[in-house]
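Structure first, commentary second.
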Amino acid sequence: MASFSVPSPVPSPVEDAESLKKAFHGWGTDEKAVISVLAHRDAAHRQQIQQAYEDLYKENFIKRLESEISGDFERAVYRWIFSSVEREAIIAKSAFGKVINYRVIIETSCINSPNELLAVKQAYHARYKHSLEEDVASHTSGDFRKLLVGLVSTYRYDGDEVDARLAAVEAKTLHDVIKRKPLESEEAIRILTTRSKAQLKAIFNKYKDEHKISISKDLETEHPDEFASALRIVVRCISSPQRYFEKLLRVVLTKSNLDEDTLTRVIVTRAEKDLQVMKEMYEKRTNVSLEKAISNETSGHYKSFLLALVRN
Amino acid sequence: MAEECEELTRALSGLGGLGLEEKSVAAAMGRWRRRPEMLDQFRRSFGGLFKGDDGSFERVDMDYIHLLEFELARFKNLMLQWLMHPWERDARWAHHAIHKGDSPTVLVEIACTRTPVELLGARKAYCSLFHRSLEEDVAYHISGSHSYFLVLLVSSYRYDGPNVNEEMAKLEAKVLHNAIHKAAAKGSLLSEEVLRILTTRSKPHLRETFKFYKQLFGKFIEEDLIKVPYIIETVESINSAPAYFCKVIDAALKDGVDQDSKEALTRVIVSRSNIDMLEIKGEYLKKHGTKLEDELQKFSRGVYRDALLSLVAGNE
């Protein structure tokens, strides 16, 4: 369920474009006005507003926006403007810095459905003239490359059919792999990057039934290294994206140094999807509302924008 | 009399050539309707198909019958393949290769000669038909050092546009050259970088890379490639699909080849008939000085031959 509110009736794209033009006018920018429009429109509206703005004023809306606002606020609004698919392509591209942000790649490839991931990859092709796979491959090496390329390349079977016998076999395979030191990644990568989500959930359940410990916990205990940590993110994103994001929010909002990129990413990518559910989980878990937590940790227009997305 | 028997023998010769002369067999049935002694004589004369039993009658040799079944089925298979949507066709060929132990070269062919959209279509069809993903089956059922390479190939969703970064292509030509010559010493060509370049880069980029390879090192990359399964087919089929298909057809038309190779003929003709058949014919003519249609006319029979020729030359 989406977390933000859209006014009813909603202003026409032309009206919104005019409001935004007004907000840009003169010295400085009326950020409040920008937020009051953009944070309260769904993807279809936002697209229409951009088009209306360009038709009316003959200038690229996004470029104008980028020149008017800055910092974390700008980065958040920039990501929000686009449709979900474009946004994830842009966020995936941003993962390629000096060191690859593998968490981002894992999230995109594991949380989306096979067809959604495909759409993201198509948007990536169009935008960057490269495939996501080739960029992931050229920015990684060794086991990380095998894991991440495997995750972004796969087109998993999307149905509910599960082979219970095979799930038991592969749960055992994973258990054997985890118990060995060092971690032999080949089979773990094969299973995690090719099996369907339904099959993987069956494997994880079988693992817990057999060994009384979740595969994630077992990985954490047996292999306190970064690669195993990446594998755990995969497991958690596939098992329950909502629990994964809720925990990520908790971690981000309690660390002393706020990781704005991650906070922005979670809020902006989930606001139109299931942020509402995560809000409820967060409050249940911490006894503090997500809004309050964000309010405590952020400031300025960045804070206002995030809160607008989080409140109904 | 002997002539008629000879004619029927020829019509039913499963050995050499492809297909059967169905018309001749039907004609013989008509001619011999009231002359059962002709068929008796035929049974006695055609030692390949009939063996003496204990002297009382000639029984069929079941090994020969299996051969005939292949030849009888050739048109049916071609027809079914032609009727199918290309995605379903590719998915079923891939499934066959994985589960029936056919040569995995089919997987390389599909992964490298189809456009990214066609390959994706095949993968979708595979999920839909078999309730597994193509890559999961390749990863699970195919073993050996090249298995991972095959998984990467079938999983690829290459950028499909013309943009090529020349500097990168030049650099990667050098990387490939290094890898090939290191492998000559160490014995394994499947280095991380070779896999990355061949399975993730776009095809236009790879063709530029292969061009730079020749420019910088004086040899075509194919010449330098050690016979590591599937790497050379990958390079050839990406470089020029028509030239690659020409090679596959050549192999199918050789005497005494196995069923896999023969079946490749149907697969190539059916799958390329409306894509690059013109270019394939061009390659064939360049290579052999004869027309592909003429070779097919010589080498195949019956309705199967008619179908092949239709798909190769149509009603042009």
Side-chain angles (χ1 to χ4, degrees), chain A residues 109 113-115 117-146 148-163 166 169-170 173 185-200, chain B residues 91 111 116-117 119-143 145 147-165 168 171-172 175 191-206 209:
Chain A
S109 56
S113 73
N115 283 326
L117 176 58
L118 188 56
V120 172
K121 293 198 295 191
Q122 285 164 343
Y124 194 96
H125 279 204
R127 203 166 256 277
Y128 303 113
K129 314 297 181 215
H130 270 202
S131 67
L132 179 56
E133 292 89 327
E134 77 186 283
D135 284 355
V136 170
S138 58
H139 284 85
T140 52
S141 63
D143 282 347
F144 268 97
R145 178 188 286 181
K146 290 202 173 106
L148 296 175
V149 171
L151 289 175
V152 300
S153 313
T154 190
Y155 185 75
R156 301 182 200 262
Y157 163 62
D158 201 15
D160 298 320
E161 206 175 285
V162 165
D163 180 338
L166 185 61
V169 168
E170 293 191 333
T173 302
S185 55
E186 208 177 281
E187 281 290 86
I189 292 175
R190 175 184 67 78
I191 294 169
L192 291 175
T193 65
T194 65
R195 293 301 184 201
S196 75
K197 291 190 188 178
Q199 185 72 18
L200 285 171
Chain B
V117 172
L119 175 58
L120 192 58
R123 292 166 72 185
K124 285 183 175 174
Y126 196 100
C127 281
S128 174
L129 292 166
F130 305 113
H131 297 190
R132 291 268 160 87
S133 66
L134 174 56
E135 54 269 28
E136 113 183 70
D137 274 359
V138 172
Y140 187 59
H141 292 284
I142 297 187
S143 53
S145 53
S147 157
Y148 183 58
F149 178 57
L150 291 172
V151 173
L152 290 176
L153 273 186
V154 302
S155 311
S156 64
Y157 181 52
R158 302 178 199 261
Y159 167 63
D160 203 10
N163 294 52
V164 174
N165 179 334
M168 185 60 73
L171 180 65
E172 294 189 341
V175 171
S191 77
E192 212 178 65
E193 284 294 273
V194 171
L195 295 186
R196 173 182 69 77
I197 294 169
L198 292 181
T199 66
T200 67
R201 290 301 187 202
S202 76
K203 291 184 198 176
H205 178 98
L206 285 171
T209 305

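Just so we're on the same page: letters track the sequence lines, and every chain starts at 1. Since this is a predicted model, take the numbers as computed values, not measurements.
With chain A as the partner, the residue from His205(B), Lys124(B), Arg158(B) showing the most heavy-atom pairs under 4.5 Å is Lys124(B). Per-residue counts of heavy-atom pairs under 4.5 Å with chain B were compared for Glu161(A), Gln199(A), Arg195(A); the largest is that of Arg195(A).
When heavy atoms are compared at a cutoff of 4.5 Å, Tyr126(B) does not approach chain A at all. Looking at Ile197(B), neither its backbone nor its side chain comes within 4.5 Å of chain A, counting heavy atoms on both sides. For chain A, the nearby parts of Arg132(B) are the backbone and the side chain; heavy atoms of each come within less than 4.5 Å. Of the atoms belonging to Asn165(B), not a single heavy atom falls under 4.5 Å from chain A. For a residue to count as touching a neighbouring chain, one of its non-hydrogen atoms must lie under 4.5 Å from one of that chain's; by this rule Val149(A) touches chain B with the side chain only. Only the side chain of Leu120(B) comes within contact range of chain A, judged by heavy atoms closer than 4.5 Å. Only the side chain of Leu166(A) comes within less than 4.5 Å of a heavy atom in chain B; its backbone stays farther off.
Arg145(A) places a side-chain N or O within 3.5 Å of a backbone atom of Glu192(B) that can act as its donor or acceptor partner. The backbone N or O of Tyr155(A) lies less than 3.5 Å from a partner atom in the side chain of Glu135(B), making a donor-acceptor pair.
Separating the NE2 atom in His130(A) from the OG atom in Ser202(B) is a distance of 7.5 Å, to the nearest 0.5 Å. Considering CG of Leu134(B) and CZ of Arg156(A), their distance stands at 14.5 Å, rounded to 0.5 Å. Rounding to the nearest 0.5 angstrom, the gap separating the OH atom in Tyr148(B) from the CD atom in Glu186(A) is 9.0 Å. For the atom pair OG of Ser138(A) and CD of Glu172(B), the computed distance is 7.5 Å after rounding to the nearest 0.5 Å.
Taking the six-membered ring wherever Trp is involved, the centroid distance between the rings of Tyr157(A) and His131(B) falls below 6.0 Å.
Between Thr194(A) and Ala139(B), the shortest heavy-atom contact is CG2-CB, 4.3 Å.
Taking the six-membered ring for Trp and thresholds of 30 and 60 degrees, Tyr157(B) and His125(A) have nearly parallel ring planes, at less than 30 degrees apart.
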